[in-house]
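Note on naming: letters A, B, ... go to the chains in the order of the sequence lines (proteins, then strands), and numbering restarts at 1 for each one. Note that these values count all heavy atoms, side chains included, but never hydrogens, waters or copies made by symmetry.
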Amino acid sequence: MLKLKNVRKTFNKNSQDIQIALNDITLNVKKGDFVSIIGSNGAGKSSLFNAICGSFEIDEGSIILDNTNITFMPEHKRAKLIGRLFQDPLRGTAPEMSILENLYLACSSHDSWLHRITEKEKRFIKEKVAMLGMGLENRMNQAVGLLSGGQRQALTLAMAIIITPKILLLDEHTAALDPPTAEKIMNLTNKIVKENELTCLMITHNMNYAIDYGNRLLMMHEGQIILDLDENQKKETSASSIINEFKNIIASDRILTTLR
Amino acid sequence: MDLIITALELGLTSSITVLALFISYSMLNVCDLSTDGCFTLGAVVGAMIALSGHPYLSIPASMLAGSISGFITGLLQTKCGINSLLSGIVVNTGLYSINIAILGNKSLINLNNVNTVFSKMKTLLNGTVLESQYKLILVIAILSLLVFLISNLLKTRLGLAIRATGNNLDMVKSSSINPVFTTISGLCISNSLTALSGCLLAQMNKSANVNMGAGMVTVALASLLIGNVIFNKSRKTTLRIIGAVLGSFIFRLVYTIALRFKVPAFMLNLISSIIVILSLSIPFFINKRKNSNLKKKRKEQC
């Protein structure tokens, strides 16, 4: 489904602050895979997502999504194929617009510019919002800015999948939420991914999520993938053994604190 | 009574500029500083075309000129890496020369004894009871059409996308909408309105000069902010648009009354500056006060 071949990206080339974000990444994600990605800060996890989404152009290599070469496709065009959630729950929705308007924009890419929301589309969007199980379907005309972070993140999730994406990218999407809400959003994500048979990459700093969810686990460090566990290997592993593995390769403070 | 009518005529004509700023400032979140020059551009283009004997053509022609100006402003800030405020200022400066060139190297043009949209309207209403109010009727007709069109436009996908562009750029990109397109089309629409407003005002006053747009952006912003106070945080877009129009009328009314009390006419720009400063800073200070009060409470609790 998603093939990255020898992808490289370096920031601040020809300067002292040279930073290799992606160092020869080759990755092959199969259809229906749910891959969790862990790694310390600056390991290149978000850069990997930025490269897939086209937030920047990569220096070398190619990215192929569902047999389409998207290496040079502009960001807003790739967005049709890719759903993405960020850590910041406010980033995915327009606060002054209503729930209905936000979701409509997410699923309107085939409509003409002068198209107005029809009753049929309203019903369709309402159904999708009801799927979140948060009662938001009765508040369709409310401004999104009045909702809580968890509710907004759930809406962003609904927006990302309202047109089934080829791939769903979750960038620490529960990290800014309080633990019970994070749990709720994670369960919801898992349910939606399974129901829609989505292919999904998830960055997380929560070791338990990384092990409990998904069928493949990647660990990144300094722009490279240093550990790649498949479903069976993942079942046999535990958070502490991964940490030990990681310690063996390199020391990192943030993952350790998360585990504690 | 005459006072109110004059305030209505002027207020409603310039309220078209307020509608333009409603789109660029309130919806698109771009402070379009080319408004002054664009207003004059509409006035001089309209005046020259009316002068050549095509009063009706002057309206679409000035709107087209305005939207070209908006297109350039938009292009500069989306594709040329120029800051949005700066691109407005640059276009504004350039327009000054263009406006003089359009007037044929003059800075003033007279439209006395020239057929304008207003004189056409007067002939049309000849003999009816409405004859004396021909200016007001024409302006109200155009304005209601615009309010109807804009409030409907903002409900379309394009309108929603323009609003979202001013609200959350990331969300627009991830909804596979090109923000360059929405920014440029928003500015085209708003600048064509600004130019229309200038075109009508020039024909109403039967003259156009290269300085008639000076300070227009502040005057319109003041009106817009007064309108925001009337319909405080209303969610209904149509109400907010009507609020903007009312704001413009109120602003002109206060100004006309001030003129009556021997406040010199050149004070208009100062007054509008003060209104803008107050209406933007007061909410800021209120907020700050609230926060510092909260802080005090928390300190006391500790």
Side-chain angles (χ1 to χ4, degrees), chain A residues 49-50 53-55 73-98 100-118 121 141-146 152 155-157 159-163 165 168-169 171, chain B residues 22-30 67 78-79 81 148-189 228 231-241 243 283 287:
Chain A
F49 278 14
N50 284 335
C53 289
S55 307
M73 196 187 269
E75 187 177 12
H76 68 270
K77 282 195 181 147
R78 289 190 211 191
K80 264 183 212 174
L81 313 169
I82 301 169
R84 186 179 191 183
L85 265 71
F86 296 96
Q87 179 176 358
D88 180 358
L90 311 185
R91 202 167 157 183
T93 44
E96 281 170 34
M97 298 172 73
S98 70
L100 178 70
E101 288 164 343
N102 268 284
L103 272 122
Y104 168 70
L105 280 181
C107 67
S108 66
S109 59
H110 294 293
D111 291 342
S112 86
W113 284 110
L114 293 179
H115 181 87
R116 291 178 61 167
I117 305 175
T118 61
E121 283 160 345
N141 290 318
Q142 198 171 69
V144 168
L146 301 172
R152 282 182 76 169
L155 276 184
T156 315
L157 184 61
M159 285 167 70
I161 58 137
I162 193 160
I163 293 179
L168 180 64
L169 304 179
D171 191 346
Chain B
F22 178 77
I23 293 176
S24 61
Y25 182 79
S26 302
M27 299 283 105
L28 205 53
N29 205 10
V30 169
S67 62
T78 50
K79 284 285 184 193
F148 174 76
L149 286 178
I150 294 171
S151 61
N152 276 296
L153 177 79
L154 289 175
K155 286 177 195 147
T156 63
R157 177 168 175 247
L158 177 64
L160 292 176
I162 288 175
R163 283 176 63 195
T165 308
N167 219 217
N168 185 344
L169 202 59
D170 284 324
M171 175 266 193
V172 170
K173 282 185 199 161
S174 53
S175 301
S176 42
I177 295 164
N178 187 354
V180 174
F181 174 76
T182 52
T183 306
I184 290 181
S185 44
L187 284 175
C188 281
I189 296 168
N228 276 354
F231 287 109
N232 198 3
K233 287 178 184 168
S234 170
R235 289 268 310 126
K236 287 251 186 307
T237 325
T238 318
L239 276 184
R240 289 176 68 185
I241 294 173
N287 235 335

Please identify, among Leu169(B), Leu158(B), Val172(B), Asn152(B), the residue contributing the most non-hydrogen atom pairs under 4.5 Å to chain A. Leu158(B)

Portion of [X] that has a non-hydrogen atom of chain B nearer than 4.5 angstrom:
X         : result
Thr93(A)  : backbone
Ser112(A) : backbone
Leu90(A)  : backbone

Nearest non-hydrogen partners of [X] and [Y], listed with the distance:
X         : Y         : value
Met97(A)  : Leu160(B) : CE-O, 3.3 Å
Pro95(A)  : Asn167(B) : N-OD1, 3.1 Å
Ile177(B) : Trp113(A) : CG2-CH2, 3.8 Å
Ser175(B) : Ala106(A) : OG-CA, 3.9 Å
Ser108(A) : Arg157(B) : OG-NE, 2.8 Å
Met171(B) : Gly92(A)  : CG-O, 3.2 Å

Starting at NZ of Lys173(B), measure out to SG of Cys53(A) and round the result to the nearest 0.5 Å. 11.0 Å

Does Arg91(A) offer a backbone N or O that forms a donor-acceptor pair with the side chain of Asp170(B) under 3.5 Å?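 It does not hold such a pair.
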
Interface moiety of Leu153(B) toward chain A, non-hydrogen atoms closer than 4.5 Å: side chain

Taking every non-hydrogen pair under 4.5 Å, which of Leu114(A), Ile163(A), Ile117(A), Leu81(A) racks up the most with chain B?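 Highest number of heavy-atom pairs under 4.5 Å: Leu114(A).
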
